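Working notes, structure below.
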Amino acid sequence: MKLLKFSQYITEAREIQPHEEEDLLKMRETVDTLNYMVEMGYVDQSGYRSEIRDISKTFNKFVKGLGLNLKDQADLERLKELGEKAGQASLKGLSSPGARALYTKGLHMVSSPTQLANGSLVFSLDPEYRRGDGWGIGFFPVPKVIRRMTPKQINIGVWSRRYGSMDIAIKHFKETATDLEFYDKAMLWAAENIDFEHAALYPEKSIWKYYKKHKTSVSRTGADDLRVQADEIDSAARIIPFQTHADRLPALENHLKAWQLRLKAAELEADSRATGADYRAIEAAKYRIADLQSDITNIKNRLI
């Protein structure tokens, strides 16, 4: 298929010229034809993906000259309009019933321009989401998967990496034929099945969120607050293998403080519920505290 090439970028007035409007509509016709062909089985997924990628590159070069601010609602709406005219699935996806369901849940579209160019749609409850320290939920059409977007510069307890973790796959949608079908089905599923209430109750950077919904209602107690404080302490002072004794000591001492908070949380819950699980949590915390105190004492003796 012959790719369209726009003769100029829009740099100041942001006015679309008549010939550019015509090119956008021709692009839409090409995309619609490709979608029809893949749905009918005339084009396999690899061929479809290759053509869509080339068309998207052409469209993205055109949009680049606009200098849009995606946090500005007017600019975002303008981008959606252009995407509708050109048939770009990622931008059409922002106006889909699935996207509207996510907006209703209080989420914001926070994809970077590069992510949008790649077709990756990222949403977060935090309108100021940043990849370095933010949590979000991402929709990726090439692997057809929803992922939990995890912070890259904050220790969230994944011991295989010093900071952050790999983004976690939540659900695949391999049965969807086109990108737009994937966006809509995946977003509708997420709006129904992801626990956004829990994420809103736990905005702290080090706390895992965007889980699938549990059967129980979401609430936050005093014991939960103590556990959050413990996780925050562990996030700031991580025990790293092969640390020197001098470096390991303060990390262990902070880890001890965190477990002392977890013990208080378990005792609070035992006072109110008195279940076997609560008492087992108390015993586990006491065991961990004793173990840490022993390690701290041993290190202090070695440093004398």
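Just so you know, these numbers come straight off a predicted model, no measurement behind them.
Glu232 and Ser206 make their closest contact through OE2-OG, 2.6 Å (heavy atoms, listed as atom of the first residue, atom of the second, distance). Nearest heavy atoms, Val110 versus Pro127: CG1-O, 4.2 Å. Among all heavy-atom pairs drawn from Ala270 and Ile282, the shortest one is CB-CD1, 3.7 Å. Between Ala191 and Ala101, the shortest heavy-atom contact is CB-CB, 3.6 Å.
Residues Phe173 and Ile146 are in side-chain contact: their nearest non-hydrogen atoms beyond the backbone lie under 4.5 Å apart. Proximity of Val228 to Arg220: side-chain heavy atoms (C-beta onward) are separated by under 4.5 Å at one or more points. Two residues are said to be in side-chain contact when any heavy atoms from C-beta on lie closer than 4.5 Å; Asp231 and Glu204 fail this criterion.
The CD atom of Glu269 sits 5.5 Å away from atom OG1 of Thr221, with the distance rounded to the nearest 0.5 Å. The CZ atom of Arg227 sits 7.5 Å away from atom OH of Tyr202, with the distance rounded to the nearest 0.5 Å. Phe182 contributes atom CZ, which lies 7.0 Å from atom CZ of Phe139 (distance to the nearest 0.5 angstrom).
Between Ser294 and Asp291, the side chains place no donor N or O within less than 3.5 Å of an acceptor N or O (distance only, hydrogens not considered). For the residue pair Asp234 / His255, a side-chain donor-acceptor distance below 3.5 Å is found, with atom types taken as modelled.
Side chain of Trp135 to main chain of Ser124: no donor-acceptor pair is present (N/O by atom type, distance under 3.5 Å, no hydrogens or angles). Panel note: side chain Lys174, backbone His172; no donor-acceptor pair is recorded below 3.5 Å. With hydrogens and angles disregarded, no donor-acceptor distance shorter than 3.5 Å links the side chain of Tyr103 to the backbone of Met109. In this structure, Asp195 contributes its side chain and Tyr210 its backbone to no donor-acceptor pair below 3.5 Å. When atom types are taken as modelled, the side chain of Asn254 and the backbone of Ala251 share no donor-acceptor pair closer than 3.5 angstrom.
For Arg148 and Tyr211, the positive end sits near the middle of the six-membered ring, less than 6.0 Å away and at most 45° from its axis.
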